[in-house]
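First the structure, in the form of structure tokens, and then the observations on it.
From a predicted model like this one, the values you see are computed outputs, not experimental measurements. For the numbers below, each heavy atom of this structure counts, side chains included, while hydrogens, waters and symmetry mates do not.
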Amino acid sequence: MAESGHGSGDETAADPVAWHNHDIPQRQLENVQLTKEEAEALPVSREDSFISVEIKSKKKDMQENEISQPGEDVEKLKVAEPQGGTDSGFHESTKSAIKNEKTLGPPPTSHKKRKPGKKGIFFSYSPDAAYLEKKFVVETVRQLKENNLAEDIWFDKDEKNIDAPTWFTQRLEAVEKCRAAILILSDSYFQSTMSLFEGKVLLERTVSLSKPPQLFLVLYSPTDIPPQYAPFLDGIVDLTSGRIAKSSLAEKSSMVVGSLSIYLEKLSTAMVPALPPLVAETEFTGQYKKTKLCQWTVNDVQEWLAGMKVREFFCQAFAENGIDGFLLMALTEQDMVSYLSIESRIVRKKILSEMVQILDNEQKMRDGWHLRVRLKRPRVDTVYLVYDPADVRLAQNMKADLLKKNIQVDTHDKLGQSKEEFLQINAPRIAGCKNILVLLTEAAATSPFVFNEVVFAEWLNRTIVTALFRNMWCKLRPAMKAILGENPAIDFETKMYADSMDVLEHQVRPLRKVSGIVLEQAYLNRMAEGLKPLQVLAAPQSGQIMWPLTEYLEPKVFISYQWDTQARVDDIRNMLESSGVTCWADISPVTRGHSSMSSRNAALMSRPETSGEPITSQIQRNMRACSVVICCITPKYIQSDNCSKDLTLAETLYKPIIPLMLRFLPWPPEGAPTAVRKILAKLSTVDLSTEKLFKQNFYQVLERVKKHLQPAKS
């Protein structure tokens, strides 16, 4: 079988100056098909020894050049001297609004340089938060810095890295090193991938370290807080109840600062107040055109608005609310109406369309390569191998075996001279593959190469699978545990290599048909048994599970469905759980739609019970434990045994039922058994039968579910 041509050639052949002027010789990948015995029998040549020494040297250099301690790089502040004259497009009232927020006196002539690593208080928030929540975050950080914590707070906006390709990596590295963290909890916090990972990293560190970081929780808006945060709820700052809920953002920020300052001051290593702000500029310079939108200042936004001939009144509203580039990107049309009083629809549309155009242009810039890569469509049946250079022989064998199965394989091409260059060179290869296979070995557990590729792959939302060749869970850094922990893993350490390769092949390219129905189900069961979350596969041997999986928690919602709609049921389950609502459904890694047997009873004949508990017992136990039952209505569902048994059991246990219409049917549905029709006739449905209706009406599902959960909280 001819090789696909991706990732071939020497890793550093095209890069004579690898990281820190070292070359790592590597054999051609495409022609090497060594067995495990052949690889072990190879003599260690002088060249092999040289490779080992050079790799260790590269890894050491890379670790020393990892992203600096949170906030290590501080830009020198320069005082902009007022210049004579005024721009005709700059409104005097707008200038006054900006000046009111700034101190016109020059900053101190000397400022003691902060030593690296002193920004140890991490500010964790959702990057996907709405405008009002982000404004609260900005205001809280500002007040904290004014309270002598300017040299201690790590906030990604102030570090000016939110537009960098390594932004994801820098936030994770900062949260791994912090001494304390402030978490702004909301629905958005538990729905954003970035903030979820930060929370997992912090929780894992509180368990595994002798000196764990201190966590300070701030409840910004009502949300269901996962039980893992229970030990830290005693000191939570609740902004959702009483008079404080109706207070202004500035008052809420003051309450947070007042509540936490006494604790944060004990953690401060500098106790340096914030420097006086820069002098307000009195003249437009056009500098904003050379600056990324997310880094615009309030004055840059004013100059941009003036250039679009926006009315003075509207410009003043932006200035008075301190709208800079960071907040501008969070604004929606409704936000402009509600908080800025921009009543003109034409002005709102113009502002948003111009902003979109700027972002599109930034994506086309040379340093916007990571944004372009994220839009790249991955190829199906492709695998990108993530491995440490020390495991090159293992990667060669794995690549050869996957190529024999007609699966295209790609790997990193060159190592580059820095982390940024390494990612820029190899990012298109990662983005071009649908599946990312991480070869977990002793070397990979602490490898900066592996870490950067895994984090970037997660940022791209690729499917990540771990091939466990050595159980190194205890040596994985917290961020790697957070990313890989709940992703699927395959045991190559204790299982037969051929069996594990079959599981891997099924994960990459599931077989649609196997001769014989029973044989197909048995095959699927074996494939499902070989694929488990990494923390389930590896953590039991180490004695701890960092983040308990949803299936091990008591469910709040029981989902009843027919197997032909499993993909949509997965979407419903994921969206509910991202909102903190634990769910249970008879969903295993087995893809039920692959079997011609469509009823649950058929699967029970051959399905192994890995937990030791019969599936019927699991159904009854979880139905009793749940607070509400969701039934997914389709023509096949209302005629299935699942429907009759689940709805009858729910009725017997007096469980509230929420019908979700996944396929349009007249209501109450015709063709259903009399008992089912009688149960459903008295219920109102939520129509999710099309993609548009699903996005439009899902909030109704969440509202109805939470309404039924409230009595359980009291």
Side-chain angles (χ1 to χ4, degrees), residues 555-577 579 581-587 592-593 595-604 615-616 618-712:
K556 297 176 182 177
V557 174
F558 182 102
I559 302 178
S560 174
Y561 73 105
Q562 180 62 17
W563 294 358
D564 61 324
T565 58
Q566 181 170 337
R568 181 56 81 187
V569 171
D570 286 336
D571 293 338
I572 294 171
R573 179 180 182 178
N574 291 336
M575 293 181 71
L576 287 172
E577 289 180 347
S579 299
V581 179
T582 53
C583 303
W584 189 91
D586 182 19
I587 298 177
R592 305 185 218 193
S595 175
S596 57
M597 296 184 181
S598 59
S599 74
R600 183 182 289 152
N601 289 338
L604 297 180
I615 187 65
T616 52
Q618 293 182 41
I619 292 170
Q620 293 177 8
R621 173 173 56 81
N622 286 286
M623 180 78 78
R624 289 190 177 92
C626 76
S627 299
V628 60
V629 174
I630 285 179
C631 58
C632 301
I633 305 297
T634 64
K636 289 185 178 181
Y637 173 77
I638 62 173
Q639 298 177 359
S640 68
D641 291 340
N642 297 1
C643 176
S644 299
K645 292 181 178 180
D646 291 348
L647 293 185
T648 301
L649 181 58
E651 186 86 351
T652 303
L653 297 174
Y654 300 101
K655 298 293 182 180
I657 301 172
I658 303 176
L660 307 183
M661 190 177 293
L662 302 189
R663 302 281 189 277
F664 181 77
L665 292 172
W667 199 258
E670 299 178 358
T674 304
V676 172
R677 185 180 173 86
K678 184 177 179 181
I679 294 173
L680 295 177
K682 56 187 178 183
L683 303 174
S684 61
T685 67
V686 180
D687 191 353
L688 307 178
S689 56
T690 66
E691 191 66 30
K692 181 178 179 180
L693 289 172
F694 185 88
K695 295 178 180 179
Q696 178 179 319
N697 295 336
F698 191 82
Y699 80 95
Q700 298 180 24
V701 180
L702 193 58
E703 286 182 353
R704 290 178 64 174
V705 167
K706 290 189 174 182
K707 181 179 178 181
H708 289 296
L709 297 182
Q710 287 176 356

*Which atom pair, heavy atoms only, marks the closest approach of Val569 to Ile559?*
CG1-CG2, 3.9 Å

*Would you check, one step at a time, whether the test side-chain contact (heavy atoms from CB on, under 4.5 Å) holds for Gln700 with Ser684?*
CA-CA 12 Å; Gln700 298 180 24; Ser684 61; over 6 Å; no

*asked:* Rounded to the nearest 0.5 Å, what separates atom CG in Asn697 from atom CG in Leu702?
replied: 13.0 Å

*Can you list every pair that meets side chain to side chain donor-acceptor pair (under 3.5 Å) and has a residue in residues 672-681, with sequence neighbours left out?*
none

*Which residues share a side chain to side chain donor-acceptor pair (under 3.5 Å) with Ser689, sequence neighbours left out*: Asp687

*asked:* Test of understanding: with salt bridge (charged side-chain N to carboxylate O under 4.0 Å, His left out), list the residues that count as partners of Lys682, not counting sequence neighbours.
replied: Glu651

*Donor-acceptor side-chain pairing of Gln562 and Ser640 below 3.5 angstrom*: yes

*asked:* Could you check whether any side-chain N or O of Trp584 sits under 3.5 Å from a backbone N or O of Met623, counting only pairs where one atom can act as donor and the other as acceptor?
replied: no

*Among Val628, Leu683, Val629, which one satisfies side-chain contact (heavy atoms from CB on, under 4.5 Å) with Ile658?*
Val628

_Nearest-0.5 Å distance that lies between atom CD1 in Ile630 and atom OG in Ser560_ = 10.5 Å

*For Glu703, check salt bridge (charged side-chain N to carboxylate O under 4.0 Å, His left out) against everything at least two apart and list the hits.*
none

*Partner residues of Arg568 under the salt bridge (charged side-chain N to carboxylate O under 4.0 Å, His left out) criterion, sequence neighbours left out*: Asp571, Glu691

*By side chain to side chain contact (heavy atoms under 4.5 Å, CB included), which residues pair with Leu665, not counting sequence neighbours?*
Ile633, Pro635, Ile638, Pro669

*asked:* Using a 3.5 Å distance criterion without hydrogens, assess whether the side chain of Lys655 forms a donor-acceptor pair with backbone atoms of Arg624.
replied: yes

_Go through it in stages, so that I can follow the logic: the residues are Tyr699 and Val686, the test is side-chain contact (heavy atoms from CB on, under 4.5 Å), and I'd like the CA-CA distance, side-chain angles, deciding distance and then a yes or no._
CA-CA 10 Å; Tyr699 80 95; Val686 180; over 6 Å; no

*About how many Å separate CG of Leu576 and CZ of Phe698, when rounded to the nearest 0.5 Å?*
4.0 Å

_Consider side-chain contact (heavy atoms from CB on, under 4.5 Å). Of Ile572, Val701, Val581, which one does Val557 pass it with?_
Val581

*Roughly how far apart are Asp570 CG and Cys583 SG, rounded to 0.5 Å?*
11.0 Å

*Where do Trp667 and Leu680 land on the side-chain contact (heavy atoms from CB on, under 4.5 Å) test, with the steps shown first?*
CA-CA 9 Å; Trp667 199 258; Leu680 295 177; 3.8 Å; yes

*asked:* I need the Cys626 SG to Leu653 CG distance, nearest 0.5 Å.
replied: 8.0 Å

*Which heavy-atom pair separates Pro656 from Ser627 by the least distance, and what is that distance?*
CG-O, 3.2 Å

*How many angstroms lie between SG in Cys632 and CZ in Arg663, if you round to the nearest 0.5 Å?*
10.5 Å

_Pair Cys631, Asp646 - check side-chain contact (heavy atoms from CB on, under 4.5 Å), show working._
CA-CA 9 Å; Cys631 58; Asp646 291 348; over 6 Å; no

